[in-house]
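Just so you know, ligand 1 is whichever comes first in the structure, and atom 1 is the first atom listed for that ligand. Please read all numbers here as calculations on a predicted model, not as lab measurements.
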Amino acid sequence: MRIARFTTGDDPRFALLEGEAGHEVLHVVRGDPLYAPLQPTGQQVPLADARLLAPVIPRSKIVGIGRNYADHARELGNELPAAPLMFLVPNTAVVGPGDPVVLPEGSTQVDYEGELAVVIGRVCKDVPRERASEVVFGYTCANDVTARDWQRGDGQWARAKGFDTSCPLGPVIVPDLDVADLALRTRLDGAVVQDGRTSDMVFDVPDLVSTVSRAFTLLPGDVILTGTPAGVGPLAAGQRVEVEIEGIGALSNPVVTR
Ligand code: MG
């Protein structure tokens with residue numbers, strides 16, 4: 001099942017995305033599936049007539065996880081953290097599929113980071129590892145776009161990872177996906193630049209949900225970014241960056257300057 005958020009020019013609506021590539025149809029559902037049972041209205045919209053939006057706008061927070069793939073920690077000269085390394089990203093950083101990533105003025109190196117994103121479905125706190133799946137609504141692709149020079153210089157990562165347009169999410173949310181070992185690839189203008197597997201995470205998704213929920217009460221629509229595999233590198237205006245995860249789809253965004 002693929003849950004999409006879309007617009008045809010009016011207010012955003014939610015739908016189940018069905019059909020083969022090139023002939024996909026949005027089956028509109030009532031309300032927001034995070035808060036209401038999935039109930040089709042009977043209305044159908046061809047995907048070609050709609051624009052997909054970020055499938056979720058986090059109500060309270062995005063919790064990012066740093067250095068959760070050993071090869072990536074190594075490529076930037078960092079030690080592996082002994083526990084999940086957390087940072088917060090504001091919801092104003094979120095953009096959707098096809099939306100531009102706007103390179104922030106004053107940064108000299110803005111990197112892509114393809115990641116699996118976990119969308120939380122229930123209010124929860126202190127979730128045991130073995131019950132983590134009960135609080136997960138579904139999964140989507142993310143690009144944890146990072147101003148690397150600001151990350152190094154600021155000490156805090158708020159600006160480096162939280163500037164406007166730094167968190168593309170999408171294209172859809174897939175519930176009930178086994179995310180233990182999925183291929184994750186990032187492409188830059190079509191060339192593969194990151195080629196990882198979620199099985200290479202240092203802390204897996206149940207660990208992350210459990211540990212994050214011990215620090216923060218999680219709310220429906222909160223998002224956890226699970227870290228990026230090796231191969232991060234800079235973006236330039238005019239390029240297109242795409243994060244594809246097996247079983248979810250591809251999140252594609254152009255890169256622009258203001
Ligand atoms: Mg990251």
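Listed by chain and number, the residues in a side-chain contact (heavy atoms from CB on, under 4.5 Å) with D154 are W150, R159 (sequence neighbours excluded). Under the rule for a salt bridge (charged side-chain N to carboxylate O under 4.0 Å, His left out), the partners of E246 that lie at least two apart in sequence or sit in another chain are R197. Residues passing the salt bridge (charged side-chain N to carboxylate O under 4.0 Å, His left out) test with R187, sequence neighbours excluded: E242, E244.
Under a 4.0 Å N-O distance rule, the pair D204/R129 qualifies as a salt bridge. Taking the charged nitrogens against the carboxylate oxygens, E79 and R74 have no contact shorter than 4.0 Å, which rules out a salt bridge.
At a cut-off of 2.8 Å, measuring from the Mg ion (ligand 1), the protein N, O or S atoms that fall short of it are E113 OE1, E115 OE2, D144 OD2, waters left aside.
At distances below 3.5 Å, at least one donor-acceptor pair connects side-chain atoms of N253 with backbone N or O atoms of G96.
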